[in-house]
Novice: 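One structure, as structure tokens, below. Some questions next.
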Amino acid sequence: MLIKFPLSSRVGMGTLMGAPWISLGVFQEVAPPLLCPRHSSIYRSSKVRGFTVSAAANSLDGPVRVRFAPSPTGNLHVGGARTALFNYLFARSKGGKFILRVEDTDLERSTRESEEAMLHDLSWLGLNWDEGPGVGGDYGPYRQSERNPLYKEYADKLLQSGHVYRCFCSNEELEKMKEIANLKKLPPVYTGKWASAPEEEVLEELEKGTPYTYRFRVPKEGNLKINDLIRGEVVWSLDTLGDFVIMRSNGQPVYNFCVTVDDATMAITHVIRAEEHLPNTLRQALIYKALGLSMPSFAHVSLILAPDRSKLSKRHGATSVGQFREMGYLPQAMVNYLALLGWGDGTEKEFFSLKELVEKFSIDRVNKSGAIFDSAKLRWMNGQHLRSLPSEELIKVVGERWKSTGILTESEGPFVEEAVQLLKDGIDLITDSEKALSNLLSYPLSTTLMSPESKPVLEDKLSEVATSLLAAYENGEILAALEEGHSGWQKWVKSFGKSLKRKGKSLFMPLRVLLTGKLHGPDMGASILLIHRAGKCGIVAPQAAFLTLDERFRMLREVEWEAYFKDQPLSGVCC
């Protein structure tokens, strides 16, 4: 027979919220027995031939409540950050609540420092939670380590109902079971030694003080089916599972039990998490059913993969949010990029603000397949976001970086404003700004002249241009032109080119090399004006490798041009 009914209507099955429909198909020869805690062996001896539990993916009644539940055993991985983001976007798009819960049951590895770092990273991304550590809420506490009395209460309920029994097996016995299963090429499942033990044996072990775990009874036949919001129908066969532990002998609850109790008692309506948690759903669904608690809808998000399609790990470079923050990435760029790893709005649009993502996000547009993490694409996207900042904000953030890293003594003013405008197109990360400014202020003339790339410039009578340029500086022409600003500089360059009968590349390339010491760079006129300004206002820190115009021309006077021609490779010789 096939029976369909909502959990809330079942006799003796309390519920914390409205429930999705569950289909329960039962095939049996005799009616299932009443569960008796004093005679738990009765539960196993009756023959239930098989059953199927099907949990539909309908949303539960009431407001949407989702949770992000990190384990504070390390830094916030980009995969975890994306999971948090999808939960946040789903909650905000549905007008629901985003809950943060810290799953710190791994007492040996969990640290408060790691927890604080994770909370900081989430706040930096702008993923503010409605309930959780630092915020509070009606469903706390929000750290699993502070919820042990609740787990014990629910574990005892399962013990009383017969869904759980005490297991006194030692570690040695359990290892022996695994070895035997391995020899028989069977799954390493618990054989059920204490599942049907006589009551007097249980009492005897209790009186001796033998340590025991709480082990959940798993039906030997049948299967469990869920309708995942991302993956569709997922089915597990129960005969591969075996009775599993929900409470350790030291009184500490096991992960799957904690998660089930927490999600149910916190009224979580949707569980959006990484696909590596998909196998856990089987155990959790059985616990929901045994406790008579409403089961949330599940959505398992694909993994983030490296370019070689392996799981993204430290060997592929930076993988944590904190690392990317320290590298100079913007939170809005990280959020934008992470959202596109496995989701899209159906258009070619690539740039979204967090507000736009909330408006566009839909769980049915999340892909099943793994998403490739492309660090080059992230860097490019960050550059686009950086340059789209309001001018004042961009100047502020870059100026503060220049001062904090010891290049400049001030973080604002005309020099900073002009330098940011000149260099911004070459800055994808805030940290790039250091190299960009240091490069502008440096004067590697000797290194440039020794490079093979400078050969055509040298052969185009560079020494003669240098002689004329030195004369123009010594007679004050260049300084006077620079004092007039950009128009004065352009007027002088045109006149200087006419006197040498040069124009275009033949004029500008020699000038660039002689004045900046480099073959390439941003607009030459703006660069020279900035170098001139820097020399006058004293904004460059003493430790920065900066040469003023006066120092550059002093170096030009001392150049021995014949030496550079001698060191150049012969024309036509291929290296």
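From a predicted model like this one, the values you see are computed outputs, not experimental measurements. When reading the values below, keep in mind they use all heavy atoms of this one structure, side chains included, and skip hydrogens, waters and symmetry mates.
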Novice: Hey, what do you get for CH2 (W402) to OG (S433), rounding to the nearest 0.5 Å?
Specialist: 6.0 Å

Novice: To the nearest 0.5 Å, how far apart are CG in L340 and CD in E350?
Specialist: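 So the gap between those two atoms works out to 7.0 Å.
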
Novice: Using a strict threshold of under 4.0 Å (side-chain N to carboxylate O), is an ion pair present between R557 and E474?
Specialist: yes

Novice: Under the salt bridge (charged side-chain N to carboxylate O under 4.0 Å, His left out) rule, what do E459 and K455 come out as? Steps first, then yes or no, please.
Specialist: CA-CA 6 Å; E459 292 179 343; K455 187 175 185 295; 2.3 Å; yes

Novice: Restricting to non-hydrogen atoms, name the atom on L519 and the atom on S451 that form the minimum distance, rounded to 0.1 Å.
Specialist: CD1-OG, 4.2 Å

Novice: State, to 0.1 Å, how close V78 and I304 come at their nearest heavy-atom pair, and which atoms those are.
Specialist: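 V78 and I304 have their closest heavy atoms at O-CD1, 3.9 Å.
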
Novice: Look at E115 together with R143 and state whether they make a salt bridge at an N to O cut-off of under 4.0 Å.
Specialist: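 Yes, charged N to carboxylate O under 4.0 Å.
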
Novice: For R231, is there an ion pair with E275 - N to carboxylate O distance below 4.0 angstrom?
Specialist: yes

Novice: Nearest 0.5 Å please: distance from the CG atom of N87 over to the CD1 atom of I272.
Specialist: 4.5 Å

Novice: Rounded to the nearest 0.5 Å, how far apart are CD of E477 and CG of L469?
Specialist: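 Here the interatomic distance stands at 10.0 Å.
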
Novice: If only atom types and distance count, is the side chain of D374 paired as donor or acceptor with the main-chain N or O of A376 below 3.5 Å?
Specialist: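 The answer is yes, because a donor-acceptor pair under 3.5 Å joins these two groups.
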
Novice: Backbone N or O of D104 within a donor-acceptor pair of the S71 side chain at under 3.5 Å?
Specialist: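 No, the answer is negative, given that no donor and acceptor are paired below the 3.5 Å cut-off.
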
Novice: Only pairs under 3.5 Å count here: list side-chain donor-acceptor contacts from residues 505-514, not counting sequence neighbours, and write none if there are none.
Specialist:
unit_1 : atom_1 : unit_2 : atom_2 : d
S506   : OG     : R502   : NH1    : 3.1
R512   : NH1    : P522   : O      : 3.1
R512   : NH2    : P522   : O      : 3.0

Novice: Is any NZ, NE, NH1 or NH2 atom of the basic residue among R379 and D432 found under 4.0 Å from an Asp or Glu carboxylate oxygen of the other?
Specialist: yes

Novice: I'd like to know if the side chain of D130 reaches the main chain of K97, judged simply by a donor and an acceptor atom lying under 3.5 Å from each other, with no hydrogens or angles considered.
Specialist: no

Novice: So, the side chain of R82 versus the backbone of L338: is there a donor-acceptor pair under 3.5 Å, distance only?
Specialist: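 No, R82 side chain to L338 backbone: no donor-acceptor pair under 3.5 Å.
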
Novice: Considering all heavy atoms of both residues, which atom of K368 and which atom of S302 are nearest to each other, and what is their separation?
Specialist: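 For K368 versus S302, the nearest heavy atoms are O-CB, 3.2 Å.
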
Novice: I need the minimum non-hydrogen distance between F415 and A534, along with the two atoms involved.
Specialist: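 Taking every non-hydrogen atom into account, CE1-CB, 3.6 Å.
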
Novice: Over all heavy atoms of both residues, which pair between G535 and T548 is shortest? Give the atoms and the distance, please.
Specialist: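 That would be CA-CG2, 4.1 Å.
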
Novice: Is a salt bridge present between D345 and K349, judged by a nitrogen-to-oxygen distance below 4.0 Å?
Specialist: no

Novice: Please answer whether the main-chain N or O of H385 pairs with a side-chain N or O of S388 as donor and acceptor at a distance below 3.5 Å.
Specialist: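 Yes, S388 side chain to H385 backbone: donor-acceptor pair under 3.5 Å.
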
Novice: Measure from the ring center of Y337 to the ring center of Y329 and say whether it is less than 6.0 Å.
Specialist: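 Between Y337 and Y329, the centre distance exceeds or equals 6.0 Å.
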
Novice: When you measure from the side chain of T516 to the backbone of K518, do you find a donor-acceptor pair of N or O atoms at a distance under 3.5 Å?
Specialist: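 Side chain of T516 to backbone of K518, a donor-acceptor pair under 3.5 Å: yes, one is there.
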
Novice: Looking only at heavy atoms, what is the nearest atom pair of E410 and V416, with distance?
Specialist: O-CG2, 4.1 Å

Novice: Walk me through whether Q323 and S320 qualify under side-chain hydrogen bond (donor to acceptor under 3.5 Å, both in side chains).
Specialist: CA-CA 5 Å; Q323 286 176 298; S320 74; 3.1 Å; yes

Novice: Please answer whether the main-chain N or O of Y139 pairs with a side-chain N or O of Y142 as donor and acceptor at a distance below 3.5 Å.
Specialist: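 Here the side-chain-to-backbone pair exists.
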
Novice: Would you confirm whether the ring centroid of F373 sits within less than 6.0 angstrom of the ring centroid of F324?
Specialist: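 Between F373 and F324, which both carry aromatic rings, the centre distance is below 6.0 Å.
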
Novice: S411 side chain to G399 main-chain N or O, any donor-acceptor pair under 3.5 Å?
Specialist: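 No, S411 side chain to G399 backbone: no donor-acceptor pair under 3.5 Å.
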
Novice: Between L389 and Q332, is there a side-chain heavy-atom distance shorter than 4.5 Å?
Specialist: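 In short, these two side chains touch, coming nearer than 4.5 Å.
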
Novice: Where do F351 and W380 land on the ring pair (Phe, Tyr, Trp, His ring centres under 6.0 Å) test, with the steps shown first?
Specialist: CA-CA 12 Å; F351 293 93; W380 169 79; 5.5 Å; yes

Novice: Could you tell me whether R67 and E131 have a side-chain N and a carboxylate O separated by less than 4.0 Å?
Specialist: no

Novice: Is E103 salt-bridged to R101, going by a charged N under 4.0 Å from an acidic O?
Specialist: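 Salt bridge flag = yes for R101 with E103.
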
Novice: Are E392 and K396 within salt-bridge range, i.e. N to O under 4.0 Å?
Specialist: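 Salt bridge flag = no for K396 with E392.
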
Novice: Between the side chain of N382 and the main-chain N/O of L330, is any donor-acceptor distance below 3.5 Å?
Specialist: yes

Novice: Under a 4.0 Å threshold between the charged nitrogen and the carboxylate oxygen, would E434 count as salt-bridged to R401?
Specialist: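 Looking at E434 together with R401, the answer is yes, because their closest N to O distance falls below 4.0 Å.
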
